[in-house]
Amino acid sequence: MKHLYNNIKTAALAACVGLLAAGCADFLEIEPRDIVTEDNFWNEKADIDQMVAGCYASMQSEDFINRCIVWGELRSDNIFPGNNVQNDNYDLYQSLRENLLSTNQFTNWSSFYAVINKCNTIIRMAPVVSQKDPSYRESDVRATIAEMTALRSLCYFYLIRAFEDVPFYRESVQQEDEVQYLAPSSFKYILAEIIKDLEAVKNDAISRYPVTSQDAIGQRYNSNCNRITRYGIDAMLCDMYLWTGEWDKCIAAAEEIMAQKAADYKEFYSTQTSSSTLSETPREMTPAPYGRVAYLYQNPRQNQSQAFNAIFGTGNSFESIFELSFNWNSNATSYIKSSTLASYYGTGNTNRDLGATNAGAGWLTVRPDIVSDVKAKTFSYFQHQYDLRFYNSIAPESNDYGSGYIRKLVATDFRTSTEGATSEVPLTGSFTLDREFNRNWIFYRLTDVMLMEAEALLQKATDETSQENTELMHRAFDLIYLVNLRSLSDESRKLATNAPALATRGLMITFLQKERNRELMFEGKRWFDLVRYAMRDGKTDIIRANVPSSKTTGGSASGNTGFPSLAHLFWPYNKEEMKVNTNLVQKAIYKNEASEGIEMNK
């Protein structure tokens, strides 16, 4: 893995910028890797803290974030080619057409292995530093190891969902002669191992970092969501258990998160009243039909933008569990910018040197059918025209709703209006794009976890008529109901408990899958969801039914024209990586050579 090593050999002491405003200047004083040794660096807790910050800073890199989008969303039914992608980003365009080549830049996984190696290094050195610095207590060491184990596990979780089988190691690489050229370990083995790792350290993780004056509790949440906590680990486990079929464990992890959010609400927000002047305040949701309560941002008629603006505008919201915070602006260029989101989804900044495209579409855009769905009243994607998630995710390009732009994750502000409204489109939305690149990337948030728990409950249930199955169905329904309810601009459209569309377990599973897509659209979840459903079914029918053939029409001879097997859901190994690591053998479906000598997918 020398090619991979060349990308991670500086990982142990990478520059740390912009993660924590209070210590930013200290991070810039770290010596370059080639002159730093264990003797002159790993001496005190502050050294560990800087290294931990460096892991998060590496995850904020453009290479890392764009793979979160490309691996998790790009191949789904949501995304189509956007503005000039064919000319500006050839590999992205080929990926959109399912023309997956081993030379494609997105087969390069080095940014993820760089983070993995940093985590391994910190895990190895934390006990050493504790022997030198008495202020770095044993409980602190365990918390650090838990945090780094979580970030390492998250990276591996992305890698196996993208490539299926990948090299797996837990030892840090410090010198070139320590590099091992590993054969890939299997998807199932790695998933089982990272679950075991997370279960072992969860109780050592910090539950909540100290609240500071900068956290503005009562107006927005706090910076706890910018670092892994015990509940971030719970969210990761909740997700992973859905892939292993451990339904009870998934439900238990989700319930821990729900209980903590209830406690946070009562501590920080329960004194707020409905007449509060604060614009971003979560509320106790009205109990669902079977008694479930949740604490979420609501969208009251007088402020139907509240949830969007809190979660995606201000960021670091009450509902957040783990997100990377970006803080770049044109007057503070040393801070980190989210240029990937600007380039991929669009931005208000027209300066390409700053990573922008234009105020319309980025290189990626929303599938046209999703835009026309509401006005045409086909409702293949959104349940009806009163779903606010349509209006705050997408800006139609014109009044005919024939195409549109992605605005979730790039807009700083969203406002609804009835101006120009019709019976087909009862609302219109307006977005603020402020020319800065500081939109956060969200890995896990509360409604995502609620829907994961609902999925586990429905999978645990069977089609037999029994009290246990009825109770499981009711619990799942309540969670779906609460997520759905806060997204309605017309409460009369709320789900009915006896709705024919939700009368059976099978129909509820289908509705839940659509609800996850509506709620989490463009957030790097949809393709992974489809892959999970397909792997559970043991066939690709659900992907073939959702991803349109028109998306790959016109591709080259290597184009994947129908996902004929589960193997086609995963990326090929990088050609240069295989040259170095001879234990990395290309997958069979990518071994056919084209005339130009490039491995192709047939």
Side-chain angles (χ1 to χ4, degrees), residues 56 58-80 82 89 92 95-96 105-107 109 111-112 115 151 153-163 225-226 228 232 235-236 238-240 242-243 308 311-312 315 317 319-326 338-346 362-367 370 389 392-394 406-411 437 439-449 451-452 455 513 515-534 543 546-547 569-571:
Y56 289 98
S58 293
M59 293 173 69
Q60 290 170 300
S61 72
E62 185 171 358
D63 270 2
F64 194 99
I65 297 298
N66 66 29
R67 280 155 180 76
C68 292
I69 298 172
V70 171
W71 294 346
E73 194 78 33
L74 182 83
R75 300 175 67 190
S76 77
D77 46 339
N78 292 341
I79 301 292
F80 264 54
N89 196 322
L92 194 64
S95 303
L96 281 160
Q105 65 177 296
F106 299 111
T107 63
W109 53 33
S111 59
F112 280 71
V115 175
L151 293 185
S153 299
L154 182 62
C155 288
Y156 276 125
F157 192 37
Y158 268 93
L159 287 166
I160 61 174
R161 288 180 295 174
F163 294 93
C225 52
N226 296 151
I228 285 289
M236 292 167 57
C238 190
D239 198 352
M240 292 173 187
L242 287 180
W243 293 76
F308 178 92
I311 297 167
F312 304 107
S317 73
E319 293 186 25
S320 179
I321 299 168
F322 178 46
E323 65 185 73
L324 290 178
S325 184
F326 292 86
S338 54
S339 54
T340 293
L341 289 169
S343 297
Y344 282 34
Y345 286 171
W363 284 325
L364 306 178
T365 196
V366 57
R367 177 179 177 176
I370 296 176
R389 292 169 297 191
N392 62 33
S393 298
I394 301 162
I406 298 170
R407 283 297 170 256
K408 184 195 280 189
L409 297 171
V410 292
F437 307 101
R439 300 300 90 211
N440 292 358
W441 179 257
I442 302 171
F443 288 97
Y444 291 105
R445 56 188 181 92
L446 185 54
T447 52
D448 179 10
V449 170
L451 294 174
M452 286 195 285
E455 182 176 333
Q513 291 172 351
E515 186 69 5
R516 273 191 66 84
N517 192 27
R518 290 188 281 260
E519 178 69 16
L520 302 168
M521 191 171 284
F522 313 131
E523 295 182 47
K525 302 281 185 176
R526 176 59 171 174
W527 176 253
F528 288 152
D529 280 352
L530 290 173
V531 173
R532 183 173 71 255
Y533 305 151
I543 294 182
N546 282 279
V547 179
L569 307 184
F570 300 98
W571 288 74

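- A search for side chain to side chain donor-acceptor pair (under 3.5 Å) contacts involving Asp77 returns Arg526, not counting sequence neighbours.
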Working for side-chain contact (heavy atoms from CB on, under 4.5 Å), residues Val70 and Glu73:
CA-CA 6 Å; Val70 171; Glu73 194 78 33; over 6 Å; no
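- In this structure a side-chain-to-backbone donor-acceptor pair under 3.5 Å is missing from Asn226 to Leu324.
- Arg367 meets the salt bridge (charged side-chain N to carboxylate O under 4.0 Å, His left out) test with Asp369; sequence neighbours excluded.
- Residues satisfying the salt bridge (charged side-chain N to carboxylate O under 4.0 Å, His left out) criterion with Arg67, sequence neighbours excluded, are Asp63.
- Without hydrogens or angle criteria, Gln60 side chain to Ser325 main chain gives a donor-acceptor distance under 3.5 Å.
- Summarising the geometry, atom CD belonging to Glu319 is positioned 4.0 Å from atom CD1 belonging to Ile311; distances are rounded to the nearest 0.5 Å.
- Summarising the geometry of Trp109 relative to Leu159, their closest heavy-atom pair is CB-CD2, 3.6 Å, with the distance given to 0.1 Å.
- A distance of 4.5 Å separates CD1 in Ile442 from CD in Glu323, rounded to the nearest 0.5 Å.
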I'd like to know whether Gln513 forms a side-chain contact (heavy atoms from CB on, under 4.5 Å) with Tyr533, so could you lay out the CA-CA distance, the side-chain angles of the two residues, the decisive distance to 0.1 Å, and finally the verdict.
CA-CA 9 Å; Gln513 291 172 351; Tyr533 305 151; 3.5 Å; yes
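- Taking 4.5 Å as the limit, some side-chain heavy atom of Arg161 sits within range of a side-chain heavy atom of Trp243.
- The side-chain contact (heavy atoms from CB on, under 4.5 Å) search around Glu523 returns Phe312, Lys408, Leu409, Arg445, Leu520, Lys525, not counting sequence neighbours.
- Going from atom SG of Cys68 over to atom CG of Leu154 covers 7.5 Å, rounded to the nearest 0.5 Å.
- Residues meeting the side chain to side chain donor-acceptor pair (under 3.5 Å) test with Thr107, sequence neighbours left out: Asn574.
- Under a cutoff of 6.0 Å and an axis angle of 45°, Arg532 and Phe528 do not form a cation-pi pair.
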Audit row: Thr340, Phe326, side-chain contact (heavy atoms from CB on, under 4.5 Å) steps and yes/no
CA-CA 11 Å; Thr340 293; Phe326 292 86; over 6 Å; no
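- For the atom pair Met521 CE and Ile370 CD1, the distance stands at 4.0 Å (nearest 0.5 Å).
- Here the side chains of Trp527 and Ile79 are not in contact, with every heavy-atom distance at 4.5 Å or above.
- Legend: residues meeting side chain to side chain donor-acceptor pair (under 3.5 Å) with Arg516, ordered by chain and number and at least two apart, are Asp448, Asp529.
- Ala235 meets the side-chain contact (heavy atoms from CB on, under 4.5 Å) test with Ile257, Ile321, Tyr444, Val449; sequence neighbours excluded.
- For Thr365, the side-chain contact (heavy atoms from CB on, under 4.5 Å) criterion is met by Phe80, Ala361, not counting sequence neighbours.
- Scored by the ring-ring contact (aromatic ring centres under 6.0 Å, His included) test, Phe112 finds Phe64, Trp71, Tyr158 as partners (sequence neighbours excluded).
- Put simply, the side chain of Leu151 reaches to within 4.5 Å of the side chain of Phe322, judged on heavy atoms.
- The minimum heavy-atom distance linking Leu74 with Ser95 is given by the pair CD2-CB, 3.3 Å.
- Residues Trp571 and Phe163 have side chains in contact (heavy-atom distance under 4.5 Å, counting atoms from C-beta outward).
- Contact of the Ile65 side chain with the Tyr344 side chain is not registered, since no non-hydrogen atoms from C-beta on lie closer than 4.5 Å.
- The shortest side-chain heavy-atom distance between Leu364 and Leu96 falls under the 4.5 Å cut-off.
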Step by step, would you call Ile543 with Arg75 a side-chain contact (heavy atoms from CB on, under 4.5 Å)?
CA-CA 10 Å; Ile543 294 182; Arg75 300 175 67 190; over 6 Å; no
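- Contact of the Asn66 side chain with the Leu92 side chain is not registered, since no non-hydrogen atoms from C-beta on lie closer than 4.5 Å.
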